[in-house]
Every structure is written in structure tokens, then in C-alpha cells.
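First the proteins, then the strands, lettered A, B, ... as listed; each starts at 1.
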Amino acid sequence: MKTTTYIEAITSAMAEEMARDESVFLIGEDIGLYGGVFKATKGLQDKFGKDRVIDSPISEVYIVGGSIGAALVGMRPVPEIQFADFITPSMDQIIQQAAKIRYRTGGQWTCPMTIRVCCGGEVGGGLYHSQINEQWFFSQPGLIVLMPATPYDAKGLLKSAIRGDDPVIFFEHKRLYRSIKEDLPDEDFTVPIGKAAIRKEGKDITIVSYGLMYHKSLEAIESLEKDGISVELIDMRTLLPWDRETIFESVKKTSRVVLVQENSKTGGVMAEVGAAISEEIFDYLDAPVTRVCGLDVPMLPFAPPLEHFFLPNAEKIVKAVKKVIDY
Amino acid sequence: MKTTTYIEAITSAMAEEMARDESVFLIGEDIGLYGGVFKATKGLQDKFGKDRVIDSPISEVYIVGGSIGAALVGMRPVPEIQFADFITPSMDQIIQQAAKIRYRTGGQWTCPMTIRVCCGGEVGGGLYHSQINEQWFFSQPGLIVLMPATPYDAKGLLKSAIRGDDPVIFFEHKRLYRSIKEDLPDEDFTVPIGKAAIRKEGKDITIVSYGLMYHKSLEAIESLEKDGISVELIDMRTLLPWDRETIFESVKKTSRVVLVQENSKTGGVMAEVGAAISEEIFDYLDAPVTRVCGLDVPMLPFAPPLEHFFLPNAEKIVKAVKKVIDY
Amino acid sequence: MAGNQANNKSSLKQIGLSEETIMGLYGNLLKTRLLDEKLRKLFRQGRFAGTYFSAVGQEATTVGPTYGLRDEDIIGPSHREIGAAVTKGIPLVEIIAQVFARRNSPDKGKSHPCHYGSRKKGIIHPSSTLAGQTVLATGCAMAFKIQKKDNVALAFFGEGATSRGGWHEALNFAGIHKLPIVYICQNNLWAESVPATLQAAIEHFADRAKAYGFPGVTIDGNDIFLVHKIAADAIAKARKGEGPTLIECMTYRWYGHSEIDPANYRRQDEVEEWRKKDPVSRAEKSLFDFGLLTNEKREALVEQIDQEIEAAVQEVEAVPYSEPEEAYRDVYSDNFPVRRVEY
Amino acid sequence: MAGNQANNKSSLKQIGLSEETIMGLYGNLLKTRLLDEKLRKLFRQGRFAGTYFSAVGQEATTVGPTYGLRDEDIIGPSHREIGAAVTKGIPLVEIIAQVFARRNSPDKGKSHPCHYGSRKKGIIHPSSTLAGQTVLATGCAMAFKIQKKDNVALAFFGEGATSRGGWHEALNFAGIHKLPIVYICQNNLWAESVPATLQAAIEHFADRAKAYGFPGVTIDGNDIFLVHKIAADAIAKARKGEGPTLIECMTYRWYGHSEIDPANYRRQDEVEEWRKKDPVSRAEKSLFDFGLLTNEKREALVEQIDQEIEAAVQEVEAVPYSEPEEAYRDVYSDNFPVRRVEY
Ligand SMILES: Cc1ncc(C[n+]2csc(CCOP(=O)(O)OP(=O)(O)O)c2C)c(N)n1
Ligand SMILES: Cc1ncc(C[n+]2csc(CCOP(=O)(O)OP(=O)(O)O)c2C)c(N)n1
Ligand SMILES: [Mg+2]
Ligand SMILES: [Mg+2]
């Protein structure tokens with residue numbers, strides 16, 4: 001067992017997978033000598049050489065598109081997008097190539113690629129260093145979309161992604177990189193893609209969240225329990241394909257649900273989760289499916305009070321839960 | 001009054017706005033001499049010259065990004081993206097620049113630009129000539145997203161878009177270009193952005209749709225009425241900001257709703273509409289909010305039976321409506 | 001006679017290619033032409049859906065570079081690479097099944113006609129987004145370098161596609177890392193209706209290589225022997241780890257952008273002029289000169305190929321489309337089946 | 001003395017710029033330097049949030065081209081263009097208020113520090129996506145051409161940003177349409193931690209202009225007078241409708257990529273070497289030689305500017321942040337207010 005931060009979990013997952021399988025390689029901006037702007041790839045170029053840890057030019061189209069090409073001929077690329085804000089130039093390659101090459105070729109070509117994307121707010125990053133943009137990939141069949149909230153999941157899911165045969169968008173929340181630690185087993189382990197985690201059982205209401213919002217929800221629960229409200233807390237972990245069964249079972253049990261999402265509300269992942277709950281287990285609901293989300297303004301303005309106002313937090317979650325409980 | 005097809009409505013809107021305001025200009029691939037691959041810009045280069053109807057190189061980044069720049073200094077660009085499938089390279093410019101320049105500058109710079117995007121299936125276009133991708137823009141605050149279903153709306157909304165001061169993604173459904181006609185007034189008219197249209201009043205159930213799916217829903221209604229089901233039919237027209245009031249009022253009245261969307265289901269526009277209905281008018285619902293959508297596979301496979309299987313149609317809508325009615 | 005033969009031998013020598021190569025190039029060129037003309041006709045008869053992009057007039061630019069490649073060498077094509085499909089050896093029935101989108105197509109009818117590809121034969125099925133496969137092929141070349149394999153990648157694209165940002169990013173990367181890739185630009189003077197003069201302010205797109213630190217060369221793209229030699233040299237160089245080359249082949253498409261395009265943006269005399277530079281008749285003229293071909297031999301060859309094509313078309317047309325349920329397959333690996341929807 | 005003066009006059013003449021221009025350039029250069037060093041310090045003291053990108057060492061590349069522009073000329077900057085903001089005349093208080101993200105900033109605290117912009121002064125606030133403003137500025141130049149105005153656009157970017165696809169698309173379009181724009185590449189040898197040798201296989205990024213059919217030139221970017229002259233000529237040419245120019249300014253950033261970067265990927269001797277080429281002291285040396293500056297005059301100037309800066313900082317720091325509700329504003333025009341959410 002070793003106490004490990006979220007970012008160390010990611011680094012070690014890459015190091016172990018690279019040692020295990022020589023077809024795994026990394027490409028991205030500043031990931032080599034520098035070890036990445038957040039140091040996620042620290043030491044890896046020393047260990048695995050410049051051929052397997054490639055400092056790319058500022059070319060997000062190529063970082064992803066070149067990785068797809070390499071994946072077609074036997075490699076398992078792990079490209080890094082330095083900030084989720086800069087994934088927009090790669091949309092063409094992700095959507096039109098990675099997500100569809102298996103489909104359009106009737107399964108002849110496959111794309112085992114894991115794009116690591118550093119994302120998320122509450123770091124004073126403003127409009128261009130706080131974005132997530134997970135909803136775009138969530139709506140694209142052919143992609144796997146992951147967002148771990150804990151070091152264990154970060155390591156286990158990243159390993160599953162790298163070993164898998166599908167293109168994965170792997171979101172890492174930069175606010176979590178150094179703020180959370182966990183004891184991780186020394187032996188090799190993976191976390192299955194497609195399974196949500198019930199982090200806490202409860203009976204009055206279900207909270208569904210992912211990424212940083214899982215931690216905000218945890219915070220909210222402390223205060224809610226003081227008021228005698230028993231919350232079941234689900235961390236989605238895999239966004240696509242999302243784990244309907246686990247979420248539905250929980251909501252069937254509690255009959256009430258609050259969905260928490262960091263990104264702007266309209267058209268987000270929780271819109272789907274909410275719509276699906278209403279569509280498929282309507283009869284079990286005793287109150288409206290309620291969302292706590294970022295504001296419907298560009299994610300997110302720079303000045304600290306504006307950033308704070310934009311983001312969901314424990315206080316907002318508590319209020320929403322109480323409203324649903326009192327419904 | 002003149003009988004006008006959907007595409008003629010679009011052409012005439014551009015011609016009239018260009019005559020009215022010299023800051024309006026067009027840029028896109030094959031739009032000049034050739035008049036566009038669907039002939040939407042036919043005759044406009046002859047009329048307004050090469051400076052105002054610009055045949056661009058194959059550069060979707062520039063087509064949009066250059067238009068944004070021009071918009072900043074007093075122009076009202078109307079760039080064309082030849083197929084919605086090819087809008088992916090422009091995502092960076094649309095999301096990071098157009099949608100956010102007003103916001104990030106505290107309102108100093110504005111971007112009055114209308115991106116015309118030819119979209120949609122049921123034309124034998126396969127994976128790369130059938131896409132819509134409206135959900136990406138629908139989830140981006142700062143953008144206006146329109147999709148007319150009739151010639152009147154096509155003309156009136158396009159004019160509103162061009163005259164407005166916000167960046168607009170204007171989806172034109174290629175299946176409708178020549179398949180529908182309508183008598184249009186000779187005098188100038190506009191259609192307000194942000195207002196849905198109640199196309200038909202009814203009392204048993206509400207169908208909400210847009211674009212080609214509005215027409216599929218109309219078809220479905222014919223058969224439903226024979227079975228004595230009275231349907232209220234709403235055409236969203238504006239996707240962002242969507243007209244919650246009109247939709248909510250209708251569903252409050254009918255207590256039942258079916259949402260019809262051409263694109264894949266997961267993470268689509270109707271997820272938001274469904275989630276919002278469940279969230280905000282929960283008590284009025286007598287049955288689950290039900291969606292009829294494209295399959296959750298890449299939109300869409302080429303072979304005719306596969307394309308047909310992918311798309312919603314009147315038959316599927318009828319079945320879904322009956323299920324909701326019988327609930 | 002003897003003198004004549006000696007003469008032929010010497011011109012054969014001059015051309016610097018073996019008889020086998022010359023005949024191989026010609027055979028593929030002719031097959032490509034006949035298949036393409038046949039498919040055009042079938043499309044016009046409504047025998048298959050979608051659309052059709054003819055490459056008639058520019059076959060030498062695809063057959064020439066492809067001839068002699070290994071199966072493991074990768075091609076990243078665009079929409080006019082029927083010649084690469086034929087030459088790299090995708091069976092006729094597979095090519096045609098893909099065009100007809102039938103159940104026996106290896107893609108099961110999911111891809112567009114003209115998006116020729118084959119995993120087995122190392123051709124990446126294109127997405128329609130232009131220059132997309134240029135980026136992917138560059139990534140394949142990057143992989144070959146990491147894997148220390150001496151495979152090469154070949155990317156095909158029109159002059160129009162060079163305006164795309166992704167194209168720039170790919171060539172820039174290939175230059176930095178001296179990747180084993182050869183870029184073939186088919187400059188046919190038009191991108192759909194847009195002339196090359198509105199695509200760039202330079203006359204020769206090979207000049208773009210200067211921005212990436214590797215050589216670019218402009219050649220007569222309708223001389224199949226020249227195209228093959230220049231490309232083969234560049235491929236050999238790439239295989240040795242000496243970096244990429246950009247080859248601009250000047251050529252022309254005889255027909256519309258696709259079969260529904262009347263192409264009346266072009267002047268008729270321009271079309272006529274280029275038809276005179278027909279790569280097939282030019283190759284034949286050389287073969288006649290070399291004594292490698294006679295009219296009779298040619299006719300026999302044509303008839304044989306036509307029969308092969310006809311047989312393949314008949315075989316394909318007898319096969320139905322995939323059943324609708326096929327739409328659910330190949331979205332993910334088997335671990336993640338797609339949820340079925342019932343109404 | 002008299003002889004000395006005559007000497008100075010002749011070297012002044014040699015340099016080909018008026019005394020007013022020389023002093024104007026120097027004044028802006030010095031002000032930029034002092035402001036930049038001050039902001040670095042303030043950031044290190046935790047006086048403002050976010051991050052800070054210093055441009056110390058490369059000020060001549062922004063001050064030189066910007067000096068003499070009209071308000072209506074447009075600048076598309078990146079993240080090291082504090083010199084353009086100062087020189088084009090954004091008031092100090094506005095610049096600092098933006099860095100501090102205060103309520104009195106024209107952007108109301110929404111943009112990132114160093115994303116300097118001003119509608120009034122014709123500088124487009126950058127998005128962080130590199131080369132983004134290169135595309136926008138090219139669009140402005142396109143508009144000027146349509147509007148038949150003789151305004152010009154100036155785009156600034158580092159050598160790293162030239163690897164982006166959008167950069168290629170913009171320059172390609174500018175070449176085709178001979179747009180009134182000048183592209184300034186600040187080649188400071190590094191893009192964050194990545195050396196220019198991993199950014200492209202060419203030594204000089206000016207060579208990329210060849211791909212777009214307009215001239216590219218590489219110059220000493222730390223000689224403010226040279227930078228100004230070369231840029232002014234290119235701007236004049238663009239204004240006359242004679243098309244774009246790409247100017248590569250060789251320069252260097254003294255400090256880290258941002259203030260949190262120790263920049264230990266660079267060799268110390270490289271840094272030392274470039275510090276010797278300091279654009280400010282080089283300008284001063286010329287001014288001393290010309291007899292336009294003395295040590296006393298310089299000190300007085302420094303003190304005056306420092307006081308101005310200090311006053312502006314104090315003014316700004318007294319202003320609070322915007323109230324939270326401000327987050328809802330400026331999403332759309334007034335027609336489309338954003339829905340408020342209450343929990
Ligand atoms: C990104 C993108 N934009 C637009 C199109 C539509 N389109 C298909 S082919 C074509 C012209 C291609 O010209 P060129 O690259 O010269 O190839 P050619 O057709 O001449 O062989 C266009 C604009 C596309 N497929 N992809
Ligand atoms: C599209 C995009 N990718 C990555 C980044 C992160 N990033 C910010 S500055 C920078 C390096 C820029 O290098 P260069 O263009 O040479 O400018 P310099 O910092 O040297 O002035 C990088 C990679 C970004 N802002 N945008
Ligand atoms: Mg062409
Ligand atoms: Mg640099």
C-alpha cells in the first residue's frame with residue numbers, strides 16, 4: 001500500500017502500462033523533458049526514451065490524429081491534451097476519425113487510444129483553463145468517456161482504458177491532482193469501464209455526480225446527515241456508456257434524486273441522466289429530478305467571485321437536496 | 001405571394017439582406033461561381049460581386065475564424081459550412097472565439113455572424129454527409145442555434161439571424177431543400193428568435209420536434225388522429241435559447257409528451273427538454289417523458305436499410321405516442 | 001527487326017524500369033480505367049446509391065506510387081484513389097461490394113462508395129473530411145519509426161486539401177521527426193468548382209514542403225513511369241529513414257467532381273487539352289514503342305479485364321444489403337454492446 | 001561638441017527614423033519593461049490571481065511594429081503583447097485593472113491576466129487558444145478589403161503557434177487575397193519547454209511564407225529601430241493593397257514561460273547570452289550615441305514612469321471585484337437575457 005495522490009496515480013498507471021506493453025507511448029505538449037505542465041508525465045521520458053514520450057509541436061490536430069494513425073498499426077497511444085479548453089481543434093479527429101473508424105470499416109480497423117485531458121475549474125483558470133467539454137464526447141457513440149474522482153479510480157480506469165480496444169476520452173480533474181490522496185495497493189489492479197460506484201448507501205435521496213462534484217457532494221452530505229437526511233451517493237466514473245442500472249436501482253430505492261454537474265446546465269451529461277430517469281423509472285419518482293450545475297454562461301469567468309458564483313458547491317447541493325426532500 | 005421552396009427561401013433571405021445592408025457578405029466553399037453544392041447561393045456572386053460572395057479554399061477554420069474577425073470590425077458575415085459533418089474543424093473558432101468574445105471582453109467586442117450549416121439525413125449521405133451535431137452548440141452559452149422546418153421560418157429566421165448581434169448556428173436540413181414549398185409574402189418579414197411554433201393544437205398529448213422530424217411528426221399525426229388521438233404539435237425552431245414557456249404550457253395542458261429528434265438519443269437536445277420538463281413541471285405529467293430518436297450509433301450508416309433503421313419515422317412516432325397515451 | 005528490338009531494349013533501359021514493372025504498372029492502370037468507367041456507367045444507371053467520384057484522367061498518380069508497395073505499407077487515401085485500391089490488390093469483388101454497399105462488403109455497407117479501404121491490404125478507409133487520412137497516415141509513419149519497422153506510409157490528397165490546417169500539422173510533424181512517409185498531391189487544378197488559383201497564391205503546391213524542411217517536387221502526373229520512378233525513389237528514401245518527400249503530380253480529372261456535377265465551371269478547351277494527355281494512351285504509346293504491346297494484345301487484355309469486372313459486378317449485385325440490425329454492430333469492441341431500442 | 005553633434009545627426013540619419021519616432025519607440029519600450037517587471041513582482045507577492053506571462057526581453061518585437069498604428073488598425077495578439085497594449089495606448093489603469101480582474105476593468109474581470117485587449121484601441125482580447133487571434137486578425141484584414149478601407153491588421157504569435165492548423169489556413173487565405181495584414185512571429189526559441197527544433201524542421205519560421213506566396217523575412221528582434229522600420233515598411237505596403245508580409249523577429253524571453261515556470265529546461269549560458277542582447281539597453285546605447293539621452297534624463301524618465309505605474313496600481317487595487325451577478329451579463333445581446341438559477 002502506498003499513499004498516492006490523484007496525479008501520482010495517473011503517472012504510475014502510465015509507467016506501469018508502458019513497462020508492461022511496448023506498444024504504449026505518449027505524445028503531447030511539454031510532456032517529455034518537462035514532465036508535463038502538471039508533472040503527470042514526470043520522469044517518463046527518462047525511463048522510456050524520446051521515442052515513447054514525444055514532445056509534440058503545438059498541434060492538437062496531429063496529437064490526436066497522429067495517435068489514431070499509430071493505433072491503427074498496432075500501437076496504444078496515450079496522447080495528452082494539456083487543457084480541455086484546447087481539445088476543440090482535435091474535434092475533427094476525435095469525432096470523425098477515432099469514434100467512427102471501427103464503424104465505418106465494419107470492424108476492420110480499430111482505435112485503441114486513450115486521450116488524457118486535463119480539465120475542470122476551481123483553480124482560478126478563467127475561461128480558457130477551466131473547461132471540461134465532456135458533453136460533446138458523451139453524445140458521440142463510439143467513444144468511451146471516463147472521469148475518475150479518486151486516485152484508485154484514476155489509476156484503475158486509466159489502465160483499463162489503455163488496455164482496452166476502444167477510443168477513450170479520459171478526463172483528469174486538475175483541482176484533484178494534488179488535493180486528494182488514497183492508499184493504493186502495490187499489486188496491479190484495474191477498475192472496470194461502465195460501472196458507477198456507490199460511494200455511500202442511503203435511503204432518503206440519491207445524489208449522482210462525477211469528478212470534482214463527487215467531492216462537493218460528499219461535503220454536502222456531512223451537513224445533510226446532521227439534519228438527519230440519509231443520502232445515497234453515486235460517482236458515475238464512466239460517463240459513456242453510463243451505468244444506468246446502478247443509478248436506476250438507487251433511485252428506485254430512494255425515489256428522489258439530485259444530479260450534480262460542474263459544467264453549464266443546458267445540454268450537459270446530467271440532462272441525459274435526468275431525462276432517462278424520467279423516461280424509464282417514472283413511477284418510482286416522488287419528486288422532480290433536480291440538477292445542480294454550473295451556470296448557463298461560458299465556463300467560467302476569471303475573477304474569483306465570479307468563478308465561485310459559477311460553480312456548484314456543497315451549499316447549493318444542500319439547498320437543492322432539501323428542496324427535493326421537502327417536495 | 002410566391003410559392004417558394006425551403007432552399008429558395010434561404011437564397012432570397014440572403015439576397016434581400018445583402019441588398020439591404022452592405023456589411024452582409026458570404027464566404028464558403030463552392031458558393032460563388034458554382035452557387036453552392038445545393039445551389040443555395042445561386043446567382044449571388046453575379047449580383048453582389050466576388051468581394052461579397054467569396055469562394056474560400058478548403059479551410060473550415062478560416063471560413064469561421066475569418067468571419068469572426070470580420071464581424072468584429074463591422075461586417076455581418078454569413079459563412080457556409082458545406083456539410084455539418086465538416087463543422088468539426090471549426091469547433092475551436094465557434095466555441096472558443098465566437099461564443100465567448102462578448103463575454104470575455106465584458107461586451108466590448110461582439111460577433112454578429114450567421115453560420116449556415118447544411119445538415120441532416122434521409123438523403124443517402126452515409127456517415128459523412130448526414131450529420132447534424134446540433135447538440136454541441138446547444139450546450140454552449142453565447143451561441144444562438146436555429147433549425148427551421150418550413151420555408152417561411154427558413155427565410156424569417158435567417159433574416160433575424162443576420163440582423164441580430166449574436167453568433168448564430170443556422171441549421172438547414174438538406175432533405176427539406178426541395179421537398180417542401182410554401183407561399184411566402186412578397187414584403188419583408190422576420191421570425192423571432194427564441195419562439196417555438198405551435199403548429200397544431202391538441203389536447204391528449206404534445207409532440208415536440210424540429211427540422212425534418214417536424215414533418216415526420218406531422219405524418220404520424222395523420223394516422224394518430226384516425227385513431228382519435230388529439231395531438232398538439234410543437235416545432236422548436238430555435239434550439240438555443242429554447243422556448244421553455246411554450247413547451248411547458250403545452251405539456252401542462254396535455255400532461256403527456258413525446259420528443260422527437262433525428263440525431264442519436266444520448267446527450268441530444270431532447271435530453272435537455274425532457275430533463276427540464278421533468279424538473280420543472282413534474283406534477284403535471286401523467287406519463288413518462290418519452291423520446292423518439294436516432295440510434296445510439298454513429299450517425300448514420302450508408303446502406304439504405306441501415307439508414308432507414310437509424311432514423312425516426314412516422315411509424316416509430318405513432319408507436320411511441322400510443323404507448324404514452326396508454327400509460 | 002533486330003535493330004528495332006535493340007532500339008526498344010535501349011529505350012526500355014532509358015526508362016530505367018524492368019519489363020515486369022512496366023507491364024505491371026500498365027496492367028493496373030488499364031484495370032483502374034476500365035473499372036472506373038464501368039462504375040460511372042453503373043451509377044448513371046442507378047445501380048448503386050450515394051454518389052460516385054471518378055478518377056478517370058488521373059489514374060497514374062495513384063497506380064504509380066502504389067505499385068510495388070508491401071501489404072504492411074499503409075495508404076491514407078482521399079476520394080479518388082480507386083487506382084491505389086486496385087494496385088494494392090483489394091479484390092475486385094470487395095471493391096465493388098463496397099461501392100454497392102452490400103452485405104459482402106468488408107465494411108458491411110457502412111461506408112460511402114469510393115471510400116476504398118482494406119485492413120488486410122493496408123489502406124485506411126477514408127472519412128470524408130479532406131486531408132483526414134493525411135494526418136492518420138503520418139501517425140502510421142510515426143508508429144513505424146517507434147516500432148523500428150521499415151514500412152512506409154503514403155498519403156494521397158488533392159491540391160485543395162492542402163489548405164486544411166490538419167494537413168499542415170501532419171507535414172510539420174513528419175518533417176521534424178523525418179518520418180517514413182511520402183505525400184502525393186494530385187494537383188488536378190480544381191477542387192470541386194474552385195480553381196487552384198483560389199486555393200493558394202503559389203503555382204506549385206510542392207513548394208509547401210519548404211515550410212517543413214523536406215523536399216518537394218512537381219512532376220508530370222500523367223506519365224505513369226515517371227510517377228512510379230519518382231515515388232519509388234522517395235519511398236526507398238523514406239524506408240531508409242531519410243525522411244519524407246512531397247510529390248506534386250500535375251494531372252486532371254476528365255469528368256465532374258462527382259457524377260452529378262456537370263463541371264461547367266471549366267472551359268471546354270482546358271478539358272480537351274488535358275484529355276490529350278491521357279495517362280493510359282501515353283503508357284500504351286510507350287509500350288507500343290518498346291514492343292511490349294500490340295493492338296491485339298491490348299484488346300485481349302481489355303476484354304479479359306472487362307469480363308472480370310462484369311463477373312464481379314454480377315456477383316455483388318446478387319448479394320442483398322445487410323439486415324437493419326447490422327446498424328448496431330461495430331460501434332465498440334464486444335465489451336460494450338449498444339442498447340437496442342424498441343418502440 | 002559640435003563635431004560630436006554632427007556625428008550624432010548623421011547616425012540618426014543613418015537609422016532613417018525621426019527623432020520623435022526614436023524617442024517614441026524608446027518611451028514605449030521603457031514603459032513596457034518597467035510595467036512588466038512591476039507586474040511580475042506583484043504576482044509574486046500574490047497581489048493578483050491567475051498567472052502572469054512576462055515578455056521581458058522581447059519587448060522590441062511588440063513595441064516596434066505597433067508604434068505609429070492608427071486606432072482603427074487592428075491587432076490580434078497572443079499572450080506576450082503587453083508592449084502592444086502600452087504602445088497602442090490602452091491607459092495604464094485599464095491594463096492593470098484587467099490584470100487584477102477588477103470591476104473597473106473594461107472586461108469586468110472576465111478575461112485572464114495578460115489577455116490584453118481594447119475595442120477602442122483596436123486590440124482583440126485573446127482567447128488562449130494559440131494562433132486564434134492570427135485567424136481573427138486575418139478576418140479583420142479581409143473586412144478592410146471588402147470595406148475598401150486602408151486599415152491594416154497586425155497579428156502577433158510565437159514560433160510555437162505556427163504549428164497550428166488555423167495559422168496555416170489564415171496565412172494561406174491572406175496570400176490568395178493579398179490582404180492588408182502583417183504577421184509578426186516572435187521566435188524566442190522556446191514554446192513553453194519545447195525548443196524550436198522540435199517545433200519545425202526549419203531554422204527560420206519566416207520561410208513558411210513561401211508556402212503562401214508572400215515575402216517572409218527574419219530579423220534581429222531585439223533592435224527596436226530595425227523592427228520598427230521593417231514592420232512600418234510592411235505595414236505601408238499592406239495599406240497600399242500590396243499584400244501581407246511575415247516578419248520573424250529573433251528574440252528571447254528572460255524568464256519562465258509564466259511566473260510559475262522555473263524554466264530549467266534552458267541552459268544558463270543561453271539565457272546569459274540573450275540577456276546581453278537586451279533590447280532596452282541596446283536602444284539606450286543608441287540614444288546615448290545620438291545624444292538624445294543622458295543618464296540623468298533616463299533616471300528621471302524611469303522615475304516618472306514608475307510613479308505612473310504605482311499610482312495606477314494603487315487606483316486599481318482600491319477597486320473591488322465585480323459582484324457575482326456580473327457572471328450573468330455579456331453572454332448575449334440584450335435580447336437574450338440568461339435565466340437566473342436559484343437553489
Ligand atoms: C473538410 C472538408 N471540407 C469540405 C469537403 C467537401 N469536398 C469534398 S471534395 C472537395 C474538393 C476537393 O478538392 P481536392 O482536394 O483538390 O481534390 P479533388 O476532388 O480535386 O481530387 C470538397 C470541397 C470535405 N469533404 N471535407
Ligand atoms: C491550442 C493551444 N495549445 C496549447 C496551449 C498551451 N500553451 C500556452 S503558451 C504555449 C507555448 C507557446 O509558445 P510560442 O507560440 O512559441 O509563444 P511563447 O510562449 O514562446 O511566446 C502553450 C503550449 C494553448 N494556449 N493553446
Ligand atoms: Mg483538386
Ligand atoms: Mg516561443
Peer 1: Do you know which of Gln199(C), Lys210(C), His204(C) has the most heavy-atom pairs with chain D at a distance under 4.5 angstrom?
Peer 2: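 Highest number of pairs under 4.5 Å: Gln199(C).
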
Peer 1: Run the numbers on Thr251(D) and Asn188(D) for side-chain hydrogen bond (donor to acceptor under 3.5 Å, both in side chains), then give the verdict.
Peer 2: CA-CA 5 Å; Thr251(D) 189; Asn188(D) 61 7; over 6 Å; no

Peer 1: If the plane angle is over 60° it's perpendicular, under 30° parallel, otherwise tilted; pick one for His79(C) and Phe53(C).
Peer 2: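 His79(C) vs Phe53(C) ring planes: perpendicular.
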
Peer 1: For a 4.5 angstrom cut-off between non-hydrogen side-chain atoms, does Pro126(D) reach Ser78(D)?
Peer 2: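 Answer no - side chains too far apart.
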
Peer 1: Using ring-ring contact (aromatic ring centres under 6.0 Å, His included) as the criterion, point out the one residue from Tyr255(C), Tyr265(C), Tyr252(C) that pairs with Trp190(C).
Peer 2: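 Among Tyr255(C), Tyr265(C), Tyr252(C), the one meeting ring-ring contact (aromatic ring centres under 6.0 Å, His included) with Trp190(C) is Tyr265(C).
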
Peer 1: Can you tell me which of Thr197(D), Asp207(D), Asn172(D) forms the most heavy-atom pairs within a distance under 4.5 Å of chain C?
Peer 2: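 Maximum pair count with chain C is reached by Asn172(D).
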
Peer 1: Pick from Ala211(D), Gly213(D), Gly175(D), Gly216(D): which one has the most heavy-atom pairs with chain C under 4.5 Å?
Peer 2: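 Counting heavy-atom pairs under 4.5 Å, the top option is Ala211(D).
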
Peer 1: Just wondering, are more than 12 heavy atoms of other shown residues or ligands nearer than 6.0 Å to NZ in Lys277(D)?
Peer 2: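 It does: Lys277(D) NZ has more than 12 such atoms within range.
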
Peer 1: Report which part of Glu203(D) has an atom under 4.5 Å of a heavy atom belonging to chain C: side chain, backbone, both, or neither.
Peer 2: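 It is neither, since no heavy atom gets under 4.5 Å.
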
Peer 1: Heavy atoms only, distances under 4.5 angstrom: which of Ile202(C), Leu198(C), Ile176(C) has the most pairs with chain D? Name it, please.
Peer 2: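 Most heavy-atom pairs under 4.5 Å with chain D: Ile176(C).
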
Peer 1: With a 4.5 Å heavy-atom cut-off, do Asn222(D) and Trp274(D) have their side chains touching?
Peer 2: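 With C-beta onward as the side chain, the pair touches.
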
Peer 1: Do the side chains of Val227(C) and Ile219(C) get nearer than 4.5 Å, heavy atoms only?
Peer 2: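 Yes, their side chains come closer than 4.5 Å.
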
Peer 1: Is Lys88(C) salt-bridged to Asp73(C), going by a charged N under 4.0 Å from an acidic O?
Peer 2: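 Not counted as a salt bridge, because no side-chain N and carboxylate O are separated by less than 4.0 Å.
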
Peer 1: Report, by ascending residue number, the residues of residues 146-164 of chain D in heavy-atom contact with chain C at a distance under 4.5 Å; give 'none' if the set is empty.
Peer 2: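 Interface residues of residues 146-164 of chain D: Thr162(D), Ser163(D), Arg164(D).
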
